[in-house]
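Here is the structure we will look at, set down as structure tokens.
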Amino acid sequence: MTALDDAGHAALARRIADAAGLMGDVYKDKCLRRRIGVRMRACGVHTLEDYLAVLQRVAGEAERLRDTLTINVTRFYRNPETWDALARSALAPLWAEREGRLTVWSAGCASGEEPYTVVMLVAEIARAAARPEWLGRLHVDATDIDRVSLERAAAARYRSDAAADMPAAVRDRYLAADGDDFVVLPAIRRPVAIRRLDLGGDPPLRARYDFILCRNVVIYFDRAMQERLFQTFADCLAPGGILLLGKVETLLGPARDRFQLVDARERIYRRTA
Ligand SMILES: C[S@@+](CC[C@H](N)C(=O)[O-])C[C@H]1O[C@@H](n2cnc3c(N)ncnc32)[C@H](O)[C@@H]1O
């Protein structure tokens with residue numbers, strides 16, 4: 001394939017993204033084209049032109065493409081070692097300093113396992129510190145672009161495999177078994193506010209957070225979008241606040257100067273300026 005062909009294909013992929021109602025140019029070309037490829041195979045078409053025609057003709061196809069793009073795989077305590085490091089090196093000291101007043105943003109929270117994990121982690125720190133009342137001072141904004149995932153987050157009911165990475169004692173304390181499912185207990189749900197928010201265009205819900213998690217989300221975004229988003233996170237994190245990215249994601253662009261690395265392996269950063 002020549003460079004011109006490639007550019008032509010990229011432009012067509014962007015037209016398809018526009019036709020599907022995907023906001024801005026936020027997704028990486030490679031990512032966009034791979035996902036379009038998935039839908040092309042599912043629809044039995046062989047060219048981008050033919051897929052664009054399907055998209056314009058077939059009701060529901062735009063939604064199916066959006067679903068394919070916003071893959072929302074997640075789990076409670078995903079990467080348990082990250083949560084251990086976070087509790088030890090960042091969250092417990094911050095929480096003690098603020099006497100439990102902690103405002104958190106789980107950006108790209110998918111079906112909610114991540115924000116509920118934050119609450120469970122804090123509940124465990126409160127337990128260890130014998131300060132259970134601090135849990136009532138926690139607030140977690142859980143946002144995602146995908147409405148179906150957000151409905152699942154609000155229902156707070158999960159298949160047992162969602163809990164596979166959890167320490168058993170934590171699972172037994174904060175999840176109630178109901179048939180084959182687990183339901184998150186009200187004390188863990190209470191601090192979590194679930195809202196739809198497109199990181200590609202919507203402003204943050206509040207001006208000041210103490211802790212922002214954005215894990216396994218920016219890998220789908222192009223570099224310009226990642227840099228913009230990291231600046232936004234730096235702007236709305238309080239000095240001393242913590243940023244956690246996914247294990248294969250790295251803070252880049254001008255926002256790097258506003259953070260100090262706390263744990264390189266677990267992608268934990270502290271806002272400095
Ligand atoms: C792989 S999941 C990550 C879930 C969780 N953070 C974790 O690490 O387990 C990626 C999530 O990013 C969301 N997402 C993708 N593009 C987004 C956008 N433009 N704005 C907000 N969320 C987005 C998807 O809907 C999906 O739920």
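Counting starts at 1 for both ligands and their atoms, in listed order.
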Ligand 1 atoms in contact with [X] (distance to a heavy atom under 4.0 Å):
X      : answer
Val217 : 12 (O)
Asn216 : 1 (C), 2 (S), 3 (C), 7 (C), 8 (O), 10 (C)
Leu199 : 18 (C), 19 (N), 20 (N), 21 (C)
Ala110 : 4 (C), 27 (O)
Leu197 : 20 (N), 21 (C)
Glu114 : 5 (C), 6 (N), 7 (C), 8 (O)

Which segment of Arg215 sits under 4.0 Å of ligand 1 when only heavy atoms are counted: both
Arg267 (side chain) donor-acceptor with Glu249 (main chain) under 3.5 angstrom: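 Yes, because the side chain of Arg267 sits within donor-acceptor range (under 3.5 Å) of the backbone of Glu249.
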Asp198 side chain to Gly200 backbone, donor-acceptor under 3.5 Å: yes
Testing the 3.5 Å rule here: is there a donor-acceptor pair between the side chains of [X] and [Y]?
X      : Y      : value
Trp83  : Thr117 : no
Thr232 : Asp235 : no
Tyr269 : Asp263 : no
Gln260 : Arg271 : no

Does any N/O atom on [X] come nearer than 3.5 Å to any N/O atom on ligand 1?
X      : value
Asp146 : no
Arg75  : no
Ser149 : no
Tyr220 : no
Gly108 : yes

Pick from Ile145, Leu245, Asp198, Leu213: the one approaching atom 14 (N) of ligand 1 most closely through a non-hydrogen atom: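 It is Ile145 that holds the nearest heavy atom.
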Cluster check Tyr209, Ile242: I/L/V/M/F/W/Y, side chain < 4.5 angstrom: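 No; tracing contacts between hydrophobic side chains, which count when under 4.5 Å, never links both residues.
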Closest non-hydrogen atom pair between Arg75 and Glu113, with its separation: C-CB, 3.4 Å
side-chain contact (heavy atoms from CB on, under 4.5 Å) partner of Phe230, the single match among Gln226, Arg228, Glu227: Gln226
